[in-house]
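Contents: one structure, followed by commentary.
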Amino acid sequence: MSKESPTIVKCPQCGIPVVWGDVSPYRPFCSKKCQLIDLGEWADEEKRIAGAPDMSDSDGWSEDQ
């Protein structure tokens, strides 16, 4: 039986290599600190997922007929 090498990913915050497995409880982050920094950036709306514009903001849309 051949043992597969573990999957290694880069911490999205600092870039340190992280083993993707049970040995890395904060994966994909290297530490709780990097995890909390990332969470803070989302909470401050510094990061966001692009999406379709809100229909209520577009011209010509109304619930009133």
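No experiment lies behind these values; they were computed from the predicted model shown.
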key: Working for side-chain contact (heavy atoms from CB on, under 4.5 Å), residues D22 and R27   = CA-CA 9 Å; D22 293 337; R27 65 185 176 271; 3.9 Å; yes
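Considering CG of L39 and CG of D44, their distance stands at 9.5 Å, rounded to 0.5 Å. From C14, atom SG reaches atom CG of D38 across 11.0 Å, with rounding to the nearest 0.5 Å. Distance NZ/K33 to OH/Y26: 14.0 Å, rounded to 0.5 Å. From K10, atom NZ reaches atom SG of C30 across 13.0 Å, with rounding to the nearest 0.5 Å.
Counted within 6.0 Å of NZ on K47, heavy atoms from surrounding residues, nucleotides or ligands total more than 12; the atom is thus considered enclosed. Around the CD atom of E45, the shell of radius 6.0 Å holds no more than 12 heavy atoms that belong to other residues, nucleotides or ligands.
Across all non-hydrogen atoms, the minimal contact from P12 to F29 is CG-CE2, 3.6 Å. Heavy atoms only, all atoms of each residue included: I8 and P17 are closest at CG2-CB, 3.7 Å.
Of the possible donor and acceptor atoms, one in the side chain of S24 sits under 3.5 Å from a partner among the backbone N and O of V19.
Side chains of Q13 and E41 form a contact here, defined as non-hydrogen atoms less than 4.5 Å apart.
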